[in-house]
Amino acid sequence: MLGWTGDNGDPDNFLGVLLSCGSARDGGQNIAKWCNEDFTKLIDDAAKISDVGQRTELYKQAQAIFHEEAPWVPIAHSVVYMPMSNKVNGYKIHPLGTHIFEGVDIDE
């Protein structure tokens, strides 16, 4: 069992850290010790590209390899809730846990 929360919003923070060949080494985060060179090349190439569309395509291809080989099986995903008054408008939960109040207002 493993839980993971990406801390920067980039797919590489999940795919590279948990599934790359480089992370399959002793002491690495790839606990399955799974190494697929094609997968690793795709995520390495994606990490070097700034174009979102191109990166997305490479990450989709990498995820297809992950899905086909299934080095581990994701069974759940957490849902984050933020309780607050119905009077609060404009608040959005930040993916990294930060509270940003710009654009937030309270009805009177």
Side-chain angles (χ1 to χ4, degrees):
M1 286 269 217
L2 173 72
W4 187 263
T5 299
D7 60 2
N8 65 17
D10 193 279
D12 188 63
N13 183 251
F14 181 87
L15 300 174
V17 173
L18 300 178
L19 293 165
S20 70
C21 290
S23 292
R25 71 191 182 324
D26 286 341
Q29 295 292 324
N30 183 341
I31 61 172
K33 303 300 185 216
W34 174 71
C35 176
N36 180 297
E37 297 291 342
D38 294 331
F39 174 90
T40 296
K41 180 170 179 6
L42 286 165
I43 62 171
D44 285 349
D45 288 350
K48 297 173 191 170
I49 298 171
S50 59
D51 181 88
V52 174
Q54 291 176 341
R55 291 185 86 212
T56 299
E57 184 54 38
L58 293 174
Y59 285 129
K60 283 182 180 180
Q61 292 174 38
Q63 289 181 80
I65 293 170
F66 169 80
H67 178 77
E68 180 67 28
E69 294 198 9
W72 34 266
V73 180
I75 59 171
H77 187 278
S78 67
V79 176
V80 177
Y81 295 97
M82 184 64 57
M84 67 183 63
S85 169
N86 288 336
K87 295 179 180 182
V88 176
N89 293 306
Y91 181 84
K92 294 184 176 91
I93 296 176
H94 192 277
L96 304 180
T98 304
H99 298 285
I100 299 175
F101 297 105
E102 182 178 345
V104 176
D105 202 1
I106 298 176
D107 292 337
E108 300 208 24

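Just so we're clear, the structure is a prediction, and the values are computed from it rather than from any experiment.
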Answer whether the closest heavy-atom distance between the side chains of Ser23 and Leu18 falls below 4.5 Å. no
Tell me whether the rings of Tyr91 and Phe101 are parallel (<30°), tilted (30 to 60°) or perpendicular (>60°). tilted
Can you get from Met82 to Ile100 by hopping between Ile, Leu, Val, Met, Phe, Trp and Tyr side chains that sit under 4.5 Å apart? no
Should Leu15 and Ser20 count as side-chain neighbours, where that means a heavy-atom distance under 4.5 Å? no
Mind listing the closest non-hydrogen atom pair of Ala32 and Pro71 along with its distance? CB-O, 3.8 Å
Decide, yes or no, whether a salt bridge links Arg55 with Asp51 under the criterion of side-chain N to carboxylate O below 4.0 Å. no
Nearest 0.5 Å please: distance from the NZ atom of Lys33 over to the SG atom of Cys21. 12.0 Å
Shortest non-hydrogen pair, Ile43 vs Ala62, comes out as CG2-CB, 3.7 Å
Are Trp34 and Phe39 packed together at the side-chain level, in the sense that at least one heavy-atom pair is separated by less than 4.5 angstrom? yes
Using a 4.5 Å cut-off on heavy atoms from C-beta on, say whether the side chain of Tyr59 contacts that of Asp10. yes
Measure the NZ-CD distance between Lys41 and Gln61 for me, rounded to the nearest 0.5 Å. 10.5 Å
Just checking Ile93: does its CD1 atom have more than 12 heavy atoms from other residues, nucleotides or ligands closer to it than 6.0 angstrom? yes
What is the minimum heavy-atom distance between Gln29 and Val17, and which atoms define it? CB-O, 3.3 Å
Given side chains that start at C-beta, do those of Asn89 and Val104 come closer than 4.5 Å, heavy atoms only? no
Is the shortest heavy-atom distance from the side chain of Asn36 to the side chain of Phe66 under 4.5 Å? no
Hey, could you give me the CG/CD distance between Leu19 and Glu69, rounded to the nearest 0.5 Å? 11.0 Å
Pairwise distance CD(Glu37) to CG(Leu42) - rounded to 0.5 angstrom: 11.5 Å
